[in-house]
K.L.:
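Okay, handing you the structure first.
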There are 2 protein chains.
Amino acid sequence: MGGSGDRVERGRRRSRPHGSLGPVNEAPQAADAPREPQEPRTPRRTSGRTPLYLEVAEDLRGAITAGAYGSGARLPAEDELARRYAVSRGTVRQALAALRTDGLITSRRGIRRVVLGGPGEENAATELRSFTRWARSLGQEPGGRTVSVDPGTADGEEAEQLRIAAGDPVYRVLRLRTLAGEPVMVERTTYPRAVGALVAGMPPDTVSYSEQLARHGVLFTDAHHTIDIAPADADDARLLGCRAGEALLRERRRSTDPAGTPVEWSQDRYLPGTVAFTAHSTAASALGRRLRP
Amino acid sequence: MGGSGDRVERGRRRSRPHGSLGPVNEAPQAADAPREPQEPRTPRRTSGRTPLYLEVAEDLRGAITAGAYGSGARLPAEDELARRYAVSRGTVRQALAALRTDGLITSRRGIRRVVLGGPGEENAATELRSFTRWARSLGQEPGGRTVSVDPGTADGEEAEQLRIAAGDPVYRVLRLRTLAGEPVMVERTTYPRAVGALVAGMPPDTVSYSEQLARHGVLFTDAHHTIDIAPADADDARLLGCRAGEALLRERRRSTDPAGTPVEWSQDRYLPGTVAFTAHSTAASALGRRLRP
DNA sequence: GAGTGGTCTAGACCACCAT
DNA sequence: TGGTGGTCTAGACCACTCG
């Protein structure tokens, strides 16, 4: 989305020409435009549409990635942005917080926010994305095949991760993932009984289990990741076409639903040189290290 | 910090017995205690102390990690927490947002927040921490030695990462990092001229450059990380005591200061089996993958 | 001292979930 | 239908930065 006017007016009692978002992409020079005293704003109804602060955030993101403010440039002050977008300062702050989380801008008391990346720089629009969605967003065609779907009983680690009792029934799925037809990753996922039953009932050529599961109301909203190195075993070597014992980039992941119930415990092994993991961290939180994986 | 009473009363016009934070650790059973009508609260002065929302967050964190609410338990409603802590709902929400970022709780419209981890589970108290601080927080003694500090000129990648011109002067530092005396990681850092000059002036046995730099006003507030695999070169092999060509866990990192100026571009290579990287992701943002590292 | 982001309060309405 | 978190507004004061 671009600068302005491409959003529907959703407010009421507001008398801006049209389009609910002020033009910021074309704004770095402004600061003129006499401000007629505004009638007190009443909260706008968002009525089922995109939250206002996300619209503001996306507009600003567009302006930043389009290079409207060079790298290292300072953003307008919060009050100024609030005026331009005709929203409250709180909403602007919420939008800016989102951009900060994505590592697009800094934030410090006393000085204006600074644009971190640059026009050319890839925006790490991170998300809790499945392999499938991630690949598609890159314009790559994700593929793969399900090697096996087996019912079984949880071992110690699976039980701990899925927060069930050892010996409880689970389903194990082994899949090979490809990108543009080339093998990239071997995925070993353990599902608790209920979720696994759904997976087992899907056609073996299902590209994205997570998308299908979402249709059944199984949502993945949180995930905890651990990244390290693991040697390829015989299966890995056969499927990925590498040497047994070769070092692979390993991601272990436990996903949970909104109720906090673990819905997936997965171990993915990537062929070296195919992918890298990226993360952004600020003074508060983001990436950790851990001893003895 | 624990439940209550270990904080100084900082408010005014408030008539709670003493201690500014209500006892939540001992609260899961409450919900009784007749509420006398409160006089309207006025914003409390934080006057140079820890922000209120952080106190609330830390108290809740303590309650959660202490297991006051079992894993999967639901937290009290926002309004209820606001009453207990005698703060506004906004402040409670700010505190809860911090816990959510750390992956301690979920959050979904319509239902109470759910505790994610469990009593036993290690809290991934992630931070933008230097190797030194990270090691110390684990009770490990960080060590190492500086192999070389060399002035030089920026190559293409360094220039791009540090946002300077190719050929500009830089300092390159090669260090070996140890944990309990054992080699763990080789760190290759490139500093821009000004920062590098400070580093070059420090004694060669300096354990933490970042701590020393902080004293000179050079702060690391943001960092962008990329994690993948790289083979050990001759230096790596010699310093880490591994085979040349052996796969190492590589972290590349660009750190910036509050003004958005890059202050460090580093490439760290960890011996396999020594550390793992952890991250938490929610529906919005956290960990990314990237093609072709 | 002026400008700017950080914190806090108060109140309102809405969307979603469970009952 | 009632409870709960999500969004939005308005106003206030404070801490920090810089000229």
Side-chain angles (χ1 to χ4, degrees), chain A residues 10-14 20 31 38-57 74-83 85-98 100 105-114 217 219 221 257-259 283-284, chain B residues 10-14 20 31 38-57 74-83 85-98 100 105-114 217 219 221 257-259 283-284:
Chain A
R10 310 182 306 170
R12 36 158 221 198
R13 314 209 316 108
R14 311 239 56 265
S20 69
Q38 303 247 344
E39 57 184 8
R41 284 173 295 191
T42 57
R44 268 181 262 183
R45 295 304 129 67
T46 54
S47 69
R49 304 174 103 299
T50 307
L52 254 186
Y53 79 91
L54 280 183
E55 289 194 34
V56 173
R74 295 184 324 175
L75 240 44
E78 293 178 355
D79 286 334
E80 171 61 17
L81 288 173
R83 272 193 299 276
Y85 287 106
V87 298
S88 74
R89 187 180 161 216
T91 299
V92 166
R93 283 181 61 79
Q94 219 173 336
L96 292 171
R100 170 124 175 88
I105 57 175
T106 64
S107 201
R108 194 187 194 190
R109 192 183 307 217
I111 60 177
R112 288 201 184 163
R113 289 181 169 81
V114 174
L219 299 175
T221 56
D257 69 11
Chain B
R10 310 183 305 171
R12 36 160 220 197
R13 315 210 313 109
R14 308 238 60 263
S20 69
Q38 304 248 341
E39 57 185 7
R41 283 173 295 191
T42 58
R44 267 181 263 184
R45 294 304 130 65
T46 53
S47 70
R49 303 174 104 297
T50 305
L52 255 184
Y53 78 91
L54 280 183
E55 290 195 32
V56 174
R74 295 184 323 176
L75 239 44
E78 293 177 357
D79 286 334
E80 171 61 17
L81 289 174
R83 272 193 299 275
Y85 287 107
V87 299
S88 74
R89 188 180 160 216
T91 299
V92 166
R93 284 181 59 79
Q94 221 174 334
L96 292 171
R100 170 124 176 88
I105 58 175
T106 63
S107 202
R108 193 186 195 190
R109 183 179 288 179
I111 60 176
R112 287 201 184 163
R113 289 181 168 80
V114 175
L219 300 175
T221 56
D257 69 10

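Just so we're on the same page: letters track the sequence lines, and every chain starts at 1. Predicted model only: the values in this text are computed from it and were never measured.
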K.L.:
Would you mind reading off the distance between Arg89(B) atom CZ and dT7(C) atom P, rounded to a whole angstrom?
P.N.:
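In whole Å, dT7(C) P lies 19 Å from Arg89(B) CZ.
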K.L.:
When you compare the side chain of Leu96(B) with that of Glu78(B), does any pair of heavy atoms fall below 4.5 Å?
P.N.:
yes
K.L.:
Contact class for Arg93(A) vs. all strands (heavy atom < 4.0 Å): base, sugar-phosphate, or nothing?
P.N.:
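Base, at least one base heavy atom under 4.0 Å.
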K.L.:
Closest approach to the side chain of Ser107(A), judged atom by atom: which nucleotide of dC17(C), dT4(C), dG6(C) is it?
P.N.:
dG6(C)
K.L.:
Which residue lies toward the 5' end of DNA chain D, Tyr53(A) or Leu96(B), if each is placed at its nearest nucleotide?
P.N.:
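Of the two residues, Leu96(B) wins.
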K.L.:
Side chain of Val87(A): nearest nucleotide among dG5(C), dC8(D), dT9(D)?
P.N.:
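Selected nucleotide (nearest to the side chain): dT9(D).
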K.L.:
Between C1' on dG5(D) and CD on Glu78(B), what's the gap in Å once rounded to a whole number?
P.N.:
5 Å
K.L.:
May I have the distance from Arg109(A) (atom CZ) to dC8(C) (atom C1'), rounded to whole angstrom?
P.N.:
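Rounded to the whole Å, the gap is 12 Å.
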K.L.:
Could you report the tightest heavy-atom contact between Ile105(A) and Arg100(A), atom names first, then the distance?
P.N.:
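The pair with the smallest heavy-atom distance is O-NH1, 3.5 Å.
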K.L.:
Return no unless some side-chain N or O of Thr91(A) is found under 4.0 Å from OP1 or OP2 of dT7(D).
P.N.:
no
K.L.:
Provide, to the nearest angstrom, the distance between the CG atom belonging to Leu219(A) and the C1' atom belonging to dC16(C).
P.N.:
13 Å
K.L.:
Evaluate the side-chain proximity of Leu75(A) to Arg112(A): yes if any heavy-atom separation is below 4.5 Å, no if none is.
P.N.:
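No. Closest side-chain heavy atoms not under 4.5 Å.
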K.L.:
Given dG6(C), is OP1 or OP2 found less than 4.0 Å from the side-chain N or O atoms of Arg112(A)?
P.N.:
no
K.L.:
Output the rounded distance in Å from CZ (Arg108(A)) to C1' (dG6(C)).
P.N.:
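Distance check: Arg108(A) CZ to dG6(C) C1' gives 13 Å.
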K.L.:
Side-chain contact, heavy-atom cut-off 4.5 Å: Glu55(B) with Val87(B)?
P.N.:
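With C-beta onward as the side chain, the pair stays apart.
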K.L.:
Output the single nucleotide from dT9(C), dC8(D), dT4(D) whose closest atom is nearest the side chain of Ala77(B).
P.N.:
dT4(D)
K.L.:
Is any side-chain heavy atom of Val56(A) closer than 4.5 Å to a side-chain heavy atom of Leu81(A)?
P.N.:
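They are not in contact (no side-chain heavy atoms under 4.5 Å apart), so the answer is no.
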K.L.:
Within this structure, what is the CG-to-P distance between Asp79(A) and dG11(D), rounded to whole angstrom?
P.N.:
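The distance from CG of Asp79(A) to P of dG11(D) comes to 12 Å, rounded to the nearest Å.
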K.L.:
Rounded to whole Å, how long is the line connecting atom CG of Leu52(A) with atom C1' of dC13(C)?
P.N.:
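Taking atom C1' of dC13(C) as the reference, CG of Leu52(A) is at 14 Å.
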K.L.:
Leu81(A) has an atom CG; how far is it from atom P of dG6(C), in whole Å?
P.N.:
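Roughly 13 Å, once rounded to whole Å.
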